[in-house]
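Notes follow once the structure below has been shown.
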Amino acid sequence: MSLLIRSSYVSQSHFQPRNSKLKTIPSRLVFFSSFNHNPFFSLVYKRNPTMQNLTFSSPVTVKSSLIDPDGGELVELVVPEPEINLKKTESEAMPKVKLRKIDLEWVHVISEGWASPLKGFMREDEYLQSLHFNSLRLKDGTLVNMSLPIVLAIDDDTKERIGVSKNVALVTPQGDIIGSLRSVEIYKHNKEERIARTWGTTSPGLPYVEEHIAPSGNWLIGGDLEVFQPIKYNDGLDHYRLSPRQLRKEFDNRKADAVFAFQLRNPVHNGHALLMNDTRKRLLEMGYKNPVLLLHPLGGFTKADDVPLDVRMEQHSKVLEDGVLDPETTIVSIFPSPMHYAGPTEVQWHAKARINAGANFYIVGRDPAGMGHPTEKRDLYDPDHGKKVLSMAPGLEKLNILPFRVAAYDTVEKKMAFFDPSRAKEFLFISGTKMRTYARTGENPPDGFMCPSGWSVLVKYYESLQENDESSKQQAVVSA
């Protein structure tokens with residue numbers, strides 16, 4: 001693997017991160033109590049049970065963070081317990097803005113600090129900076145990366161109901177008030193400009209655009225966000241949704257001196273594992289003592305043909321259970337952001353959010369956040385531009401970018417390996433689309449492509465889809 005380490009500190013001071021902070025831990029402080037419900041972590045403690053009740057008999061100095069959040073302080077927007085009743089009472093009298101599912105996902109993202117220093121849905125000045133500069137300038141003159149506009153759209157009727165009110169209540173699709181926006185600003189939603197600048201095209205067929213922007217309102221409302229309690233989905237996966245603060249605590253608990261994040265929206269195959277394990281090996285060779293992998297599947301909106309989140313999480317668990325990735329040096333958690341498929345523009349957001357979660361290295365590969373062109377038979381983005389953009393993006397200077405070599409299936413060695421151009425004909429490239437086709441048709445991939453138990457999860461999922469299709473067809477015949 002060829003590692004591009006942009007920050008100069010890597011070659012200095014025994015590889016100590018320049019943003020490290022030291023913190024004295026009081027005696028008898030117990031770590032990790034809030035994370036024991038995550039079954040991925042239980043894999044670690046089955047193998048190393050002493051970690052579960054880690055205590056100190058005397059003060060010990062450990063790193064409290066490997067990298068500062070953007071703006072210097074992690075934004076958390078859940079109302080303190082003593083103020084909740086008052087805030088809820090106030091919100092009852094406010095004009096109501098009904099959220100869509102996608103809006104609720106963005107409320108989740110903002111409220112936990114993934115978009116720090118953003119403290120609410122963007123007002124117009126923030127929106128324009130994000131849209132045109134991919135960054136925000138703070139009051140002290142510094143820049144932070146913000147490549148995707150994070151906005152809340154409303155329709156004409158809602159705008160009229162709000163009138164001159166400065167505060168609004170936010171209502172879930174089920175009708176529950178979950179928080180408020182204060183000191184609001186309403187401005188025009190120029191959809192064409194937003195689409196063109198975010199995706200670089202206005203071609204029909206962009207999934208996020210068609211499902212969430214095109215049918216949305218003609219106005220955007222920004223303001224300071226408050227939520228009355230942490231966002232939960234009650235889908236059986238909430239215990240995997242660790243906030244940036246929780247992740248930072250867990251990195252400290254693992255005594256990580258480097259955290260490398262890997263973003264994905266597909267099942268983990270052995271090529272992915274090769275890349276992640278090789279990255280850890282290289283970091284050890286660079287002088288780090290305990291690099292920890294943040295395996296961070298995207299958990300918000302994805303396009304219809306992507307594998308659903310619950311299936312992916314089950315598949316990821318099998319990868320750890322089978323030892324393809326080491327549970328002791330891997331943290332698996334859900335990144336709550338929706339997916340835009342906006343290529344080099346979006347990959348900056350993915351990297352920036354991991355800074356706020358405490359990762360100081362970010363793995364980037366071929367065509368990150370990309371997709372096929374919606375109307376032409378080609379990639380929408382140049383597959384190399386994502387990693388190039390990350391190496392130059394304003395506001396990401398403190399993050400170390402790790403571009404990886406291409407992995408493919410070696411038909412001679414019968415395993416996933418780094419692609420060797422001198423033996424090009426002996427390698428088989430299995431795309432995510434091809435992988436899903438294998439599973440859908442019941443055809444097995446080549447031996448060594450994915451751990452068998454993980455593959456079984458995918459096969460069962462696609463078999464269930466076929467059974468549902470057959471059942472629907474039979475019901476249609478009976479009805480006719």
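Computed from heavy atoms alone, side chains included, the values below leave out hydrogens, waters and symmetry copies. Heads up: numbering here begins at 1 and tracks the sequence.
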Problem - Closest approach of Thr302 to Met339 (non-hydrogen atoms, all atoms of both residues) - result: CG2-CB, 4.3 Å
Handout entry: Pair Tyr409 and Phe449, ring centroids less than 6.0 Å apart
Key = no
Exercise for the section: Establish, from distance only, whether the side-chain atoms of His373 and Tyr381 form a donor-acceptor pair under 3.5 Å. Expected result: no
Exercise for the section: Flag the pair Arg423 and Asp410 as a salt bridge only when some basic side-chain nitrogen lies within less than 4.0 angstrom of an acidic carboxylate oxygen. Expected result: yes
Exercise for the section: State, yes or no, whether a side-chain contact exists between Leu138 and Pro117 at a heavy-atom distance under 4.5 Å. Expected result: yes
Exercise for the section: Using a strict cut-off of less than 4.0 Å between a Lys/Arg side-chain nitrogen and an Asp/Glu carboxylate oxygen, indicate whether Lys281 and Asp278 qualify as a salt bridge. Expected result: no
Exercise for the section: Taking only Lys NZ, Arg NE, NH1 and NH2, and the carboxylate oxygens of Asp or Glu, determine whether Asp235 and Arg241 approach each other closer than 4.0 Å. Expected result: yes
Exercise for the section: Answer yes when Asp70 and Lys398 have at least one side-chain N-carboxylate O distance shorter than 4.0 Å, and no when they do not. Expected result: yes
Problem - Presence of salt bridge, Arg366 and Asp382, under 4.0 angstrom - result: no
Handout entry: Electrostatic pair Asp103:Arg100 at N-O distance under 4.0 angstrom
Key = yes
Problem - Evaluation steps, side chain to side chain contact (heavy atoms under 4.5 Å, CB included), between Met122 and Ser130 - result: CA-CA 9 Å; Met122 290 179 175; Ser130 173; 3.8 Å; yes
Practice task
Run through Tyr127, Trp114, Trp349 and flag the one making a side chain to side chain contact (heavy atoms under 4.5 Å, CB included) with Ile150.
Solution key: Trp349
Practice task
Please say whether the positively charged group of Arg354, taken as NZ for Lys or CZ for Arg, lies over the ring of Phe335, i.e. under 6.0 angstrom from the six-membered ring centre and within 45 degrees of the axis.
Solution key: yes
Handout entry: Pairing residues for Asp447 by the side-chain hydrogen bond (donor to acceptor under 3.5 Å, both in side chains) criterion, not counting sequence neighbours
Key = none
Exercise for the section: Identify whether the distance between the nearest side-chain nitrogen and carboxylate oxygen of Lys318 and Glu314 falls below 4.0 Å. Expected result: no
Handout entry: Salt bridge flag under 4.0 Å for residues Asp305 and Arg440
Key = no
Practice task
Please determine if Lys434 forms a cation-pi arrangement with Tyr438, meaning its NZ or CZ atom is less than 6.0 Å from the six-membered ring centre and no more than 45° off the ring axis.
Solution key: yes
Completion exercise
Taking every heavy atom of Ile231 against every heavy atom of Leu104, the minimum-distance pair comes out as CD1-CD1, 4.2 Å
Practice task
For the pair Trp199 and His340, name the ring-plane relationship: parallel under 30°, tilted 30 to 60°, perpendicular over 60°.
Solution key: parallel
Exercise for the section: Go through the steps for His212 and Phe301 under the test ring pair (Phe, Tyr, Trp, His ring centres under 6.0 Å), then give the verdict. Expected result: CA-CA 10 Å; His212 303 302; Phe301 163 80; 4.5 Å; yes
Problem - side-chain contact (heavy atoms from CB on, under 4.5 Å) partners for Ala351, two or more places apart - result: Tyr362, Leu390, Leu396, Leu399
Problem - Side-chain touch Glu321/Cys451, heavy atoms, less than 4.5 angstrom - result: no
